[in-house]
> 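If you scroll down you'll find the structure; I have some questions about it.
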Amino acid sequence: MWSTRGIRAWEEGWWMMATSVGDMIGKIIGAGEGEVVMHPNVSVCQSIIASCLNFKGERNKIVTESLNFPSNLYIYHSLEREGARVITVPSEDGITVPLEKLLDAIDEQTLLVSVSHVIFRSSFIQDLHAITRRAHEVGALVVADIYQSAGTVPLNIREIGLDFATGGSVKWLCGGPGAGYLYVKRELWSKLEPRLTGWLAHEDPFAFEMGPNKYADNIYRFLNGTPCVPAMYAAKSGYEIVNEIGVEKIRAKSIKQTSRLIEVVEESGFKINCPRKVEERGGTVVIDVPHGQQVTTELLRRDFLCDFRPGAGIRVAPHFYTKDEELELIVREIKTILETKAYEQHSAALAH
Ligand SMILES: Cc1ncc(COP(=O)(O)O)c(C=O)c1O
């Protein structure tokens, strides 16, 4: 497009891609048309949400959890400079977040409740219905980071009633980096004016008006500068595939494979650092083994695609394309690496 259409490509689709691509994600997560806008990443989306809110009044609490994604926590703590009070509900076991304690922390002084639908470290699924119900009872807004659930755990954000949702495409959506997304409940649009803004959030960007922003009356009011067009092109194919298969089917296969994987892991004598109950577990199984980081480096060297999170373990994430036999293969490989001490070369590298 760039080489054949040049500047005309903008009019022929590129300007609209922030929402036309967003709509493809909307179908996966239960948002309506024109309710999802594309951004480079979650950190930007969360910052945009934060910039809509005023923490100088009595209602200035942000209730969140210690297992939320670090970017989100960094952003909320930076808002303490603006008067925000950050209440972080701790996890007692490093895997789950105690729902009752989270609900109790939400009160009339709470402006924003921020949770991850599925915890990135432990794969724990949170009860977004209960959290949203409680937040709305006391007049608070809710943002869910759905990065670790969208595309593998069915969800319908409009039915839950979420006010905001953020996510990205590097995981289950198979879309790659640079394709984050932001959902904002339609009913809130007219009340929110993000301070993190730019010319594309203006009602008539090509008028190039000087002075304060006159916000667009659609989801574009949450955009800022030129969108990441190449990243959106790359990401589209992933959304098409996930939409074609359907998240319900992906989830059914995922439950079967993660349950089998847990059996194999436990038969091998390794510990699981994720929930055992199917209804509490997302698509990832977290395996806690000695020298986990070095073992992961060796697994990657041997073409087993997984990753490691400190304090959690090796994250193994079967998706729609994963074959059953791969589950046995990775656990067998972990065993071999440990038995042969093949991880030691990486320990030495780390020590240097
Ligand atoms: C729950 C969650 N939020 C956010 C991110 C990434 O944030 P960003 O898109 O800002 O890089 C990740 C990625 O690992 C994640 O798991």
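In each ligand, atom 1 is the first atom listed, and ligand 1 is the first ligand listed. One-based numbering along the sequence shown. In this text, all values refer to a predicted model and were calculated from it rather than measured experimentally.
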> Are Glu333 and Arg302 close enough for a salt bridge, meaning some N to O gap below 4.0 Å?
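Salt bridge present between Glu333 and Arg302.
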> Which label fits Trp15 and Trp199: parallel for a plane angle under 30°, tilted from 30 to 60°, or perpendicular past 60°?
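Perpendicular, since the angle between the ring planes exceeds 60°.
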> Are Leu141 and Ile219 linked, directly or through other ILVMFWY residues, by side chains that come within less than 4.5 angstrom of each other?
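Yes; Ile219 is reachable from Leu141 via cluster members.
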> State, to 0.1 Å, how close Pro90 and Pro98 come at their nearest heavy-atom pair, and which atoms those are.
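Looks like O-CD, 3.4 Å.
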> Check whether NZ of the Lys or CZ of the Arg Lys185 lies under 6.0 Å from the centre of the six-membered ring of Phe164 and within 45 degrees of that ring's axis.
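Judged by the rule, Lys185 and Phe164 form no cation-pi pair.
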> Is Val153 isolated, or which residues cluster with it under the ILVMFWY side-chain rule of less than 4.5 Å, directly or via members?
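Its cluster mates, by chain and number, are Val118, Ile125.
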> Show the protein residues that qualify under the rule heavy atom under 4.0 Å from an atom of ligand 1, listing them in chain and number order.
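For ligand 1, the contacting residues are Asn41, Val42, Ser43, Phe69, Phe120, Asp145, Tyr147, Gln148, Lys171.
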